[in-house]
**Student:** 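Below is one structure. I have some questions about it.
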Amino acid sequence: MFITNFITTDLIALFVTLAVLFVSYWKWTYKYWQKRNVPYVQPQIPFGNLSNSFKGKEYIGVSLKNIYDKMKLEGSKHAGIYMFNKSIYFPIDLDFVRNIITKDFDHFVDRDFHSNKKEPLQGHLGNLEGTEWRNMRTKLTPAFTSGKMKMMFQVMAECQKDLLTKMHEECLKNKPIDIKDVLARFTTNVIGSCAFGLDCKALEDENSEFRNCGKQIFEETKFETFKRLLVMTFPNITAFFNIWTIRKHVVEFILHIVENTIEYREKNNTNRNDFLQQMIKLKNNPPRNPGEHDGKPLTLGEVVAQCFVFFAAGFETSSTLMSFALYELAKHQDIQEKLRVEINSVLDKHDKQITYDSIQDMKYLGQVVDETLRKHPPAPFLNRKCVKEYKVPGEDLVIEKGIGVMISVLGIHYDEEYYPNPTQFNPDHFSDENKNSRHNFAYLPFGEGPRNCIGMRFGLLLSKLGLACLIKNYKFSINKKTLEPLRYKKNGRVLAAEGEIWLNAQKI
Ligand code: HEM
């Protein structure tokens, strides 16, 4: 009894001492921005300024927008925030944003994400750093030119037929349509076909393996989102414990699919106008561009990782974009009708066919897509890491090497200084006149600068194809089953709507 009491007292004392040490250390780290005279939002122990995101109560992009709004109201040109006890620089002034992502890019080449080198599929473009990133980006860039997009359009356009068949079947049921699901299936088919060279049958087959794989990557549980944020905050510790951010069976599925398809194509000398073919070329015949990259061929592991990122980065972003666009069009019948008139009049000049060129001629469709990406950017913040000490121009502040940077795209897109009445869906925000009168960096759905989205052209083309095909053939309205007002999901990798978007569709 005596010994038990003794041990209990010691354990309590040890626990209290550790707790005091932890709190004191955390409080000391929270002085970082104050010491540098940078405006900051009071952090809370232990999560810093993003406690709602860590607790799964609010999507991280929304938390960052709230910080943006608060600091902007106080007139700050920049701020300092904390993720756990990690200090993050948070530029608000658009000239500061421009400097970081373009003008002074050399100081901010990397992202501040984890890179557990032991986790398969992580050696992709989005995660690579420094010279490795530059080499890979230079090798991959030719795969995304307008010429290559035009070539690939045929592969994409094939998937239109299955989309229309699926819509026809859905309409026959005389029930509201879960449009997010239909578009996720369409996007799975397009990206699966272009990145993996496979017919994924996601629109035909309710239980398509690829559709399930997409779900497994993006439908994170609260715990998985927490784990990913932890990995972002403490990359070294989580790499030491070999924590993975993608489920093991997804990794195995992707490895198996890509390796088998490559083997099949190499054995049978098959050639196809898709990304995979271009990756195979980079593996077998490295391009000769002396001085621009290391000239080395891609390894099989590198090819698989790039195919994976095309799927992971392109699938949810593009299908979310189309879902939000149809939601807004269903709510704004006048805009939907104006778009339909444009689509039909352009198609009249192109033999009634949706082609690569006809899509380029649909100016208003471009404005609708731009406005959707402004209001609901799937990637609502940008991320960088300072790799070389950086003096902020015009300020008495030096950003130290290793400090992370977060830019609130959602905050900028809802800033009344750039978009009067920002909550209103208004494609005229992107008329030539309005675009020319705004700061160039007030619109960042694909990021900017050398590290912007490499798949922008592909994502836009695929989304415009899907939208043009649907709006031409169906009239959409909101079904009352849709949760309104629309709310964002609290977890997950991209900014998406909470719950299903149910639409009524009427064949035209
Ligand atoms: C509507 C669709 C899309 C949106 C909104 C989007 C958005 C973004 C954003 C915001 C970034 C970060 C840019 C930055 O840090 O400055 C990014 C990076 C990236 N995206 Fe996209 N994306 C889309 C579609 C795609 C597609 C279709 C692909 C591939 C086929 C793709 C592949 C990538 C890759 C590989 C990166 C990393 C680039 C690098 O680090 O060099 N994205 N995307």
Side-chain angles (χ1 to χ4, degrees), residues 61 91 97-98 100-102 105 108-113 115 121-130 132-141 143-145 148-149 152 155-156 183-184 187-188 190-196 214 274-276 278-279 302 305-325 366 368-385 404-410 412-413 441 443-467 493-496:
V97 170
R98 180 200 53 210
I100 287 175
I101 55 182
T102 56
F105 174 73
F108 300 95
V109 177
D110 297 341
R111 293 213 171 81
D112 191 24
F113 285 159
S115 192
L121 306 184
Q122 291 299 325
H124 61 70
L125 188 67
N127 273 351
L128 289 178
E129 299 192 332
E132 280 186 328
W133 167 75
R134 273 185 211 276
N135 282 330
M136 187 63 81
R137 178 93 189 194
T138 317
K139 288 177 200 170
L140 296 183
T141 298
F144 292 90
T145 58
K148 291 278 168 36
M149 293 302 113
M152 223 177 293
V155 178
M156 263 186 207
L183 292 167
T187 318
T188 305
V190 175
I191 300 199
S193 181
C194 292
F196 301 99
D274 59 20
F275 281 124
L276 185 65
Q278 297 183 60
M279 295 303 111
E302 284 173 331
Q306 309 324 309
C307 291
F308 166 72
V309 81
F310 297 160
F311 184 58
F315 162 67
E316 185 85 344
T317 45
S318 309
S319 80
T320 305
L321 159 60
M322 285 184 278
S323 306
F324 278 130
V368 167
V369 166
D370 287 348
E371 176 65 350
T372 308
L373 286 168
R374 177 196 68 82
K375 227 185 137 187
H376 311 287
F381 67 94
L382 304 177
N383 175 271
R384 295 286 185 276
K385 181 163 74 185
V405 178
M406 282 182 165
I407 297 166
S408 173
V409 172
L410 194 64
I412 296 171
H413 285 187
F441 285 71
Y443 181 62
L444 294 169
F446 294 100
E448 257 302 339
R451 199 136 199 189
N452 72 345
C453 173
I454 198 170
M456 177 173 77
R457 284 199 184 100
F458 184 86
L460 286 174
L461 191 60
L462 140 67
S463 308
K464 287 179 183 177
L465 167 70
L467 289 172
R493 291 181 189 242
V494 302
L495 187 76

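Whatever order the structure lists ligands and atoms in, that order sets their numbers, starting from 1.
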**Student:** Quick one: nearest non-hydrogen protein atom to atom 37 (C) of ligand 1, plus distance?
**Tutor:**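 Of the protein heavy atoms, Gly126 CA, 3.8 Å lies nearest.
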**Student:** Examine distances only and state if a side-chain atom of Arg98 and a backbone atom of Phe441 form a donor-acceptor pair shorter than 3.5 Å.
**Tutor:**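 Not at all, since once roles are kept as given, no pair shorter than 3.5 Å links the two residues.
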**Student:** Please list, in number order, the atoms of ligand 1 under 4.0 Å from a heavy atom of Ala379.
**Tutor:**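 Selected atoms, number and element: 10 (C).
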**Student:** What closest approach, in Å, do Ile191 and Phe315 show between heavy atoms, and which atom pair accounts for it?
**Tutor:**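 Nearest heavy atoms, Ile191 then Phe315: CD1-N, 3.4 Å.
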**Student:** Can Trp133 be said to touch ligand 1, with heavy atoms closer than 4.0 Å?
**Tutor:**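 The answer is yes, since Trp133 has a heavy atom less than 4.0 Å from ligand 1.
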**Student:** Among Val155, Leu462, Leu461, which residue meets the side chain to side chain contact (heavy atoms under 4.5 Å, CB included) test with Val190?
**Tutor:**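 Running side chain to side chain contact (heavy atoms under 4.5 Å, CB included) over Val155, Leu462, Leu461 with Val190 returns exactly one hit, Leu462.
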**Student:** Tell me whether Asp112 contacts the main-chain N or O of Val405 through its side chain, where contact means a donor paired with an acceptor under 3.5 Å.
**Tutor:**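 No: the side chain of Asp112 does not pair with the backbone of Val405.
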**Student:** If you compare all heavy atoms of Asp274 against all heavy atoms of Cys194, which two are closest, and at what distance to 0.1 Å?
**Tutor:**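 Closest pair (atom of Asp274, atom of Cys194, distance): CB-O, 3.1 Å.
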**Student:** Does ligand 1 have a heavy atom under 4.0 Å from the side chain of Met456, from its backbone, from both, or from neither?
**Tutor:**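 The answer is neither; Met456 stays 4.0 Å or more away.
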**Student:** Looking only at heavy atoms, what is the nearest atom pair of Leu467 and Ala325, with distance?
**Tutor:**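 Nearest heavy atoms, Leu467 then Ala325: CD1-CB, 3.8 Å.
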**Student:** To the nearest 0.5 Å, what is the distance between CG on Asn383 and CG on Asp110?
**Tutor:**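 Rounded to the nearest 0.5 Å, the CG-CG separation comes out at 10.0 Å.
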**Student:** Glu129 and salt bridge (Lys or Arg N to Asp or Glu O under 4.0 Å): which single residue from Arg451, Arg384, Lys385 fits?
**Tutor:**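 So the option named by the test is Lys385.
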**Student:** Side chain or backbone of Leu125 under 4.0 Å from ligand 1, or both, or neither, by non-hydrogen atoms?
**Tutor:**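 For Leu125, the contact with ligand 1 is made by both the backbone and the side chain.
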**Student:** So which protein heavy atom does atom 38 (C) of ligand 1 come closest to, and at what separation?
**Tutor:**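 Protein heavy atom with the smallest distance to atom 38 (C) of ligand 1: Arg137 NH1, 3.5 Å.
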**Student:** Is there a heavy atom of Gln306 sitting under 4.0 angstrom from any atom of ligand 1?
**Tutor:**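 The answer is no, since Gln306 has no heavy atom less than 4.0 Å from ligand 1.
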**Student:** Tell me, which protein residue and heavy-atom name are nearest atom 23 (C) of ligand 1, and how many Å apart are they?
**Tutor:**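 That would be Thr317 OG1, 3.5 Å.
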**Student:** Is the backbone of Glu302 close enough, under 3.5 Å, to the side chain of Gln306 for a donor and an acceptor to pair up by distance?
**Tutor:**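 Checking the backbone N and O of Glu302 against the side chain of Gln306, a donor-acceptor pair under 3.5 Å is found.
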**Student:** Tell me if a side-chain donor or acceptor on His413 pairs with a main-chain N or O of Ser408 at a distance below 3.5 Å.
**Tutor:**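 Not confirmed, His413 side chain does not pair with Ser408 backbone.
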**Student:** Which is closest to atom 26 (C) of ligand 1 by heavy-atom distance: Gly449, Cys453, Gly314?
**Tutor:**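 Closest candidate by heavy-atom distance is Gly314.
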**Student:** Which ligand 1 atoms does Glu448 reach within 4.0 Å, using its non-hydrogen atoms?
**Tutor:**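 This gives 16 (O) as the contact atoms.
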**Student:** Which residue and non-hydrogen atom of the protein lie closest to atom 14 (C) of ligand 1, and at what distance in Å?
**Tutor:**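 For atom 14 (C) of ligand 1, the nearest protein heavy atom comes out as Arg451 O, 3.2 Å.
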**Student:** Please report which non-hydrogen protein atom sits nearest to atom 16 (O) of ligand 1, along with the residue it belongs to and the distance in Å to one decimal place.
**Tutor:**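 The closest heavy atom on the protein side is Arg384 NH2, 2.8 Å.
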**Student:** Report the member of Pro445, Gly447, Ser463 with the shortest heavy-atom distance to atom 7 (C) of ligand 1.
**Tutor:**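 That would be Pro445.
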**Student:** Considering only non-hydrogen protein atoms, determine which one is nearest to atom 28 (C) of ligand 1 and report residue, atom name and distance to 0.1 Å.
**Tutor:**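 Result for atom 28 (C) of ligand 1: Gly455 CA, 3.6 Å.
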**Student:** So, 4.0 Å and heavy atoms of Met136: is ligand 1 close enough to count as a contact?
**Tutor:**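 No, that is not the case, since the closest heavy atom of the residue is not under 4.0 Å from the ligand.
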**Student:** Tell me the closest heavy-atom pair linking Ser319 and Ala184, and the distance in Å.
**Tutor:**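 The pair with the smallest heavy-atom distance is CB-CA, 3.8 Å.
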**Student:** Below 4.0 Å from ligand 1: does a non-hydrogen atom of Ile454 turn up there or not?
**Tutor:**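 Right, Ile454 reaches ligand 1.
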**Student:** List the closest protein heavy-atom neighbour of atom 33 (C) of ligand 1: residue, atom name, distance to the nearest 0.1 Å.
**Tutor:**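 So the nearest neighbour among protein heavy atoms is Ala313 CB, 3.6 Å.
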**Student:** Taking the six-membered ring for Trp and the full ring for Phe, Tyr or His, determine whether the centres of Phe310 and Phe196 are under 6.0 Å apart.
**Tutor:**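 They do not qualify: ring centres at least 6.0 Å apart.
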**Student:** Would you mind running through ligand 1 and noting each atom that sits below 4.0 Å from a heavy atom of Leu321?
**Tutor:**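 Within the 4.0 Å cut-off of Leu321, ligand 1 contributes 1 (C).
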**Student:** Return the residue, atom name and 0.1 Å-rounded distance of the protein heavy atom closest to atom 6 (C) of ligand 1.
**Tutor:**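 Protein heavy atom at minimum distance: Phe446 CD2, 3.7 Å.
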